[in-house]
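The structure appears below as structure tokens.
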2 protein chains.
Amino acid sequence: MLSRTYAVSQPEQTAVRRLGSLARLSETDLRKIADAAADARYFPGRTEIVREGAEPARPTLLLRGWVAHQRILPDGRRQIVGFTLAGELFGRSWSCQDCALTSQVALDNVVLCTAPEAEPGSGLSLAYEKERLAHRLQLIDNVTRLGRMDARERVCDLLLELLERLQRSGEAEGNTFAMPLTQECFADALGLTPVHLNRTLQACRRSGDLSWRSGRVTLHDPAALARNLGRKRNRLQRDTG
Amino acid sequence: MLSRTYAVSQPEQTAVRRLGSLARLSETDLRKIADAAADARYFPGRTEIVREGAEPARPTLLLRGWVAHQRILPDGRRQIVGFTLAGELFGRSWSCQDCALTSQVALDNVVLCTAPEAEPGSGLSLAYEKERLAHRLQLIDNVTRLGRMDARERVCDLLLELLERLQRSGEAEGNTFAMPLTQECFADALGLTPVHLNRTLQACRRSGDLSWRSGRVTLHDPAALARNLGRKRNRLQRDTG
DNA sequence: CGATCGATTGAAGGCTCTCAACCGTTGTGG
DNA sequence: CCACAACGGTTGAGAGCCTTCAATCGATCG
């Protein structure tokens, strides 16, 4: 039976699935998340949520939508350093000098709330720690991608990462997921031009690796792709016990 | 007057300068570092200190030399994800699933020791926190470098980063520092081939940006380079107070 | 002196970029 | 209802950055 409090809508549903896949959450943890989610903020697509170097980046829970973390070079070139997907945590507060290292931009309609404080030793605290590990892993993967992969490999590798993350938070249907990114954004994340990304996507479609139509992406054989790219799966196990 | 214990040699000297530039260290902190440094381990160049995914990566203080953090793709391509320089901390232990995300390789003769535990709230604890912030910043800079800069910009940007870090720990003389990296290593960090890196370096020398002879690098106008590349300086202030 | 390693050079090719135009959809206003 | 603008996706041609493959050179070392 559903608790009456959460019966109408559960904006924190995705976050609970995601964090719950990283650690066992207690009733207290779940209540904290629900309370935090009750005080949500909304941002339309293309809004700058936090500007690089300006404000402190408070720990934030993304309830719905995608956020990009980006840098702009003096001449206007843009590099998207990483993404935060619905259910994930971003904006770690450092005990010192906590100003954002990147600008944070809403990619579609976004709902977020302040991340609740976690009791030391709680499941929530462990989940936060794993979120930070995951974030670091994504940065390292991104460096490898940009430094040593060609366009086709970059496309497949990033889509694989996105699929794995969305599967964990229950936002994928099999090997298919909703892709809110424009090709221009995707290109800025991969260090490519939109034109070349477009041609690369066509090559991937022709070779049967993926399909990308009307905002939905399907990877036809993720396991084979991961093998070819040297991607290790399941690097974020939930602690047993 | 020098303490008798440390009169002969001070292997922890560089680490103390580096950490002391990040936070005010107490006498207790200094003693802990010296004690840890007394139990040092040595690795010759090209030794693999930790293999990716294998052992846990314990927090380690690098007393002398340089360490590279790298990934190897299935077909043998190598990407150096980042460096640790003498005096710096590496190998954060995660409260969960603490296996190394990258392989760690000694680039020259390396001396390291287990990082001492920091009392909560101590200067050393703050310095560790700042080290982690610095490490994250370097990863983000690296993504931007590889994604959106051409070869000449990558070379200058990375050399600038190295110069700033070495200046902080007192390992640079003005705008000159000792560069233990082979061009092949440097190329693997920049996502370039050794051949193209070599030609790019020659172009940089001809245009007067830098000189690199017999293992010593000089940047002739770091401020101007940083301005052109959009590098913000002094992002790691020591807290005043 | 031969071997080894890193740095250097040359030539050719390819992956990716730039510039520009065109297409299809969506939304808006007359 | 249609014209129009705006936006994202697509296509073509040409140029350029970077890679690949080889060979040479210089220094160090046994």
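Note on naming: letters A, B, ... go to the chains in the order of the sequence lines (proteins, then strands), and numbering restarts at 1 for each one. FYI, side chains are in, hydrogens and waters are out, and symmetry mates aren't considered; it's all heavy atoms of this structure.
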Derivation and outcome, salt bridge (Lys or Arg N to Asp or Glu O under 4.0 Å), residues Arg64(A) and Asp108(A): CA-CA 9 Å; Arg64(A) 210 174 59 199; Asp108(A) 50 356; over 6 Å; no
Stepwise salt bridge (Lys or Arg N to Asp or Glu O under 4.0 Å) test for Glu171(B) and Arg18(B): CA-CA 10 Å; Glu171(B) 298 282 294; Arg18(B) 159 94 192 166; over 6 Å; no
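When the C1' atom of dC15(C) is taken as reference, atom CZ of Arg154(A) falls 10 Å away, rounded to whole Å. Spacing between atom CD of Gln202(B) and atom P of dT8(C) amounts to 6 Å, rounded to whole angstrom units. Remark: C1' of dT19(D) and CD of Glu153(A) are 14 Å apart, rounded to the nearest angstrom. The nearest whole Å value for the distance from the CZ atom in Arg213(A) to the C1' atom in dT10(D) is 17 Å. What separates CZ of Arg77(B) from P of dT19(D) is a distance of 12 Å, to the nearest Å.
When all heavy atoms of Ser207(B) and Arg152(B) are compared, the closest pair comes out as OG-NH2, 3.3 Å.
For dA7(C), the OP1/OP2 oxygens have a side-chain nitrogen or oxygen of Thr182(B) closer than 4.0 Å. For dT8(C), the OP1/OP2 oxygens have a side-chain nitrogen or oxygen of Arg205(B) closer than 4.0 Å.
The residues Arg216(A) and Glu173(A) are annotated as salt-bridged, a charged nitrogen and a carboxylate oxygen being separated by less than 4.0 angstrom. Residues Glu161(B) and Arg165(B) are paired through a salt bridge, judged by an N-O separation under 4.0 Å between the basic side chain and the carboxylate.
Remark: Asp39(A) CG is loosely packed, at most 12 non-hydrogen atoms of other residues, nucleotides or ligands lying under 6.0 Å away.
When each of Trp212(A) and Arg148(A) is assigned the nucleotide of DNA chain D bearing its nearest heavy atom, the one mapping closer to the 5' terminus is Trp212(A).
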Which protein N or O atoms sit under 3.5 Å from an N or O of nucleotides 23-30 of chain D?
none

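For the segment residues 183-201 of chain A, the set of residues with a heavy atom within less than 4.0 Å of an atom of DNA chain C comprises Gly191(A), Leu192(A), Thr193(A), Val195(A), His196(A), Arg199(A), in numerical order.
Side-chain contact, Asn142(A) with Gln138(A): no donor N or O sits under 3.5 Å from an acceptor N or O. In summary, the side chains of Glu88(B) and Ser169(B) do not present any donor paired with an acceptor at a separation below 3.5 Å, with no hydrogens or angles considered.
Classified by interplanar angle (parallel below 30°, tilted 30° to 60°, perpendicular above 60°), the ring pair Phe186(B)/Trp212(B) is perpendicular.
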